[in-house]
Amino acid sequence: MEALLAPVPSAHFSIIPTTHHKPLSSKPRFLSPKLNAVPILSISPGSNNISKSKVFSTISSSFPVSAEEEPETAEKGEEKNFDWSSQWYPVMPVCDLDKRVPHAKRVMGLDIVVWWDRNESEWRVFNDACPHRLAPLSEGRIDQRGRLQCVYHGWCFNGSGECKFIPQAPPDGPLASRYHGITDDHLEYDCLEGSSGDSDRLYLLQIVGWDLISVIFHRSESCLTDISMPLFSPEYKHILLTKQPPYISELDDPSYTKVMTAREFPFGLPSNQGNVADQVNGSVSSDGSSKDSSSHQRRELLVFFCVPVGPGKSRLIFTLPRNFGVWSNRIIPRWVFHLKQNRILDSDLYLLHIQERKMIDVGPSNWQKAYFVPTKSDAQVVAFRKWLQKYSGGQINWGGKFSGALPPTPPKEQLMDRYWSHVVNCRSCSLAYKGFNALEIMLQVISIGSIGVDAATKQNLIVLTKEEPETAENEEERFDWFSQWHPVMPVCDLDKRVPHAKRVIGLDIVVWWDRNESEWRVFNDACPHRLAPLSEGRIDQRLQCLYHGWCFNGSGECKFIPQAPPDGPPHVHINNKACVSFYPSTEQNGILLFWPNSDPQFKDIHLKKMPPYIPELDDPSYTNMMGNRDMPYGYEILVENLMDPAQVPYAHYGLQKMPQPKSR
């Protein structure tokens, strides 16, 4: 299978052979555009035969070069940063756009509206803000004359962005003559006057290609007037003639079947692109070509478009074109293919979201210290990170639009909710979703029986044991929160078959059962390879990371790296950087406790300092029904509340037959 991969954060994260390019050598390499040279890294074939796989790098209008060509390196002192604001960016597959309504999208931090101009039979891309009072044009409509109409006050704009109608303006008044039929220059002047917003100007132009909508952004450094609405510059009116997006011929070839998929992700472009590099590395097992009985050349490709949306947000548009089995697309609905493809994307979505936040904590420029990437399978990720560091300071340049902070992490269930990240943006899946909902209602109406609703009340019995703090003679000691035993969970609520993610005293930990030693283990919940959460992994006698399969024993030592050759250097496994942080833990009174310090000096801390012991919890003559609950308030409030019996008859009146509180 031919994988389409770019090691640089181009607008189009794709690789594809085109007819006018030079042939590839037998050894695939990273190819770099002439703009901003990228070091060429050879990918040595591993156990899988990838010697004939085709790996191309495309960026903006630069086309792939031969694998045998070395990248042109700028002279010393002349290397310049990658200009994120002067590139073509894919927006959405055209098949998912409804021509009857405008669509709101975000690309490179810019809110845009995509709509169909039926007067010119073209897709248009505007800034998603009406120049009147900045209402989102994406909430508007297409009027009877085929113009984009703002839903707030009804202003109407043609395909060139000119305001053609203002309902509040008298037809014969001076205001109408100012706006009716105005030229581009007048529109620019009137929109600028008295406006406020971003000082950076972004110019937009759109093109339809390969069933995709693409836009190009260009930031003007000369215009200093504050404004929130982008201006159309005549300089870039014909940008398509001078700077074209990379062309992928197979996507226009009718002999190829292709099902496009788009998905929004809760992590940024660097994590998105690094993950795609991993998928490509695992998928490229041959050159993607084979011959059937009729000597037909069978080809299958992977095409990925990674799109920067905003900090902690990205979009992936991908397709798997092939020139065989074309009949399947004609009889199988598109949403059926999306079911399988989205399950694959779901499998590493959460761990990439967490991984990105861990990377932000250590700093994007410190990725080499945070990552441990010793095998050749990481070559593409390493190349991308080095390029990003060299030409963009390790992160995307948003033009000062964002502070760099990531949005807060929602609950895992919300992150994994496929409806808002895919279904609402996919016409095929959206129609299927509505159809199945209608079918469900019909089945409920015609079914015989009733739906029972079960209600249960959970009650927790919490016994608080308070110990007086020890005070040193003649001076008070400050309480050391990280030199104490902390309860994690009741053992009865832990499943020995899977790892568990927990957070205690601000530390993300993973709890798992080491069946080789018959003990519970507590590790730092980050794989030393690339910071993926180990709690998303599995247990195969050892704790195995879900992302790349690294395996750790009960002491935190890395015992197996699937990508490392079996006869390779032994230091890969025993290297300290390959070990995961290990926290001392013990089980007492049916509760798992851990010591939040991974320093080796605390390895046997349980022999020196044991947690408080409550004999009644181990006494068989006592009943012991243990519960646990996460509260949406802090530790201090929790302790205060449990120490306050005076609130019980008032706050809990009516529960457990409590007497009515007395009043005077």
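Predicted model, so just to flag it, every value in this text is computed and none were measured. Index from 1, following the sequence.
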Determine whether Val91 and Ile112 make a side-chain contact, defined as any pair of heavy atoms from C-beta on separated by less than 4.5 Å. yes

Quick one: do Glu250 and Arg299 make a salt bridge, cutoff under 4.0 Å? yes

With ring centroids as reference points, do Phe560 and Trp550 lie under 6.0 angstrom apart? no

For a quick check under 3.5 Å, do His103 and Asp96 share a side-chain donor-acceptor pair by atom type? no

Quick one: CD on Glu536 to CG on Leu351, what's the gap to the nearest 0.5 Å? 6.5 Å

Nearest 0.5 angstrom please: Met416 CE to Asn342 CG, how far? 10.0 Å

Just by distance, do the side chain of Ser86 and the backbone of Asp83 share a donor-acceptor pair under 3.5 Å? no

Do side-chain atoms of His422 reach the backbone of Ala262 as a donor and acceptor pair under 3.5 angstrom? yes

Pairwise distance SG(Cys95) to CG(Leu97) - rounded to 0.5 angstrom: 8.0 Å

Taking Arg334 for its side chain and Met260 for its backbone only, find out whether a donor-acceptor pair lies under 3.5 Å. yes

Output yes when a side-chain donor or acceptor of Gln355 lies under 3.5 Å from a complementary backbone atom of Arg530, and no otherwise. yes

Take Tyr247 and Asp252, measure what side chain to side chain donor-acceptor pair (under 3.5 Å) needs, and give me the verdict at the end. CA-CA 9 Å; Tyr247 179 67; Asp252 284 339; 3.0 Å; yes

Side-chain donor-acceptor pairs under 3.5 Å in residues 423-434, sequence neighbours left out?
from, atom 1, to, atom 2, distance (Å)
Asn425, OD1, Lys105, NZ, 3.2
Ser428, OG, Trp335, N, 3.1

Is there a side chain to side chain contact (heavy atoms under 4.5 Å, CB included) between Asn397 and Asn81? Walk through the geometry before answering. CA-CA 10 Å; Asn397 179 10; Asn81 289 336; over 6 Å; no

Given 3.5 Å as the limit, does a donor-acceptor pair link the side chain of Ser347 with the main chain of Ile344, or not? yes

As an exercise, state the distance from CZ of Phe372 to SG of Cys527, rounded to the nearest 0.5 Å. 10.5 Å

Residue list, side-chain contact (heavy atoms from CB on, under 4.5 Å) with Asp143, at least two apart or on another chain: Arg145, Arg147, Gln149, Cys156

Donor-acceptor pair, distance only, cut-off 3.5 Å: does the side chain of Asp128 make one with the backbone of Val113? no

For a side chain to side chain donor-acceptor pair (under 3.5 Å) check, start with the C-alpha distance between Asn323 and Ser255, then their side-chain angles and the critical distance, and finish with the verdict. CA-CA 6 Å; Asn323 62 353; Ser255 66; 5.8 Å; no

I would like to know whether Arg315 and Val107 meet side chain to side chain contact (heavy atoms under 4.5 Å, CB included); could you show each step before the answer? CA-CA 9 Å; Arg315 182 178 303 121; Val107 180; 3.7 Å; yes

Separation of Ile354 CD1 from Leu534 CG (nearest 0.5 Å): 12.5 Å

In terms of relative ring orientation, are Trp398 and Phe402 parallel, tilted or perpendicular, with 30° and 60° separating the classes? perpendicular

Under the salt bridge (Lys or Arg N to Asp or Glu O under 4.0 Å) rule, what pairs show up with a residue in residues 107-118, not counting sequence neighbours? Arg106-Asp111, Asp117-Arg124

Yes or no on side chain to side chain contact (heavy atoms under 4.5 Å, CB included) for Asn127 and Leu110, after CA distance, side-chain angles and deciding distance? CA-CA 8 Å; Asn127 180 48; Leu110 185 70; 4.1 Å; yes

Carboxylate-amine/guanidinium proximity below 4.0 Å for Arg263 and Asp346: yes

Rounded to the nearest 0.5 angstrom, the OH-CG distance for Tyr371 and Leu531 is 6.0 Å

Taking atom types as modelled, find out whether Arg322 and Thr257 have a side-chain donor-acceptor pair closer than 3.5 angstrom. no

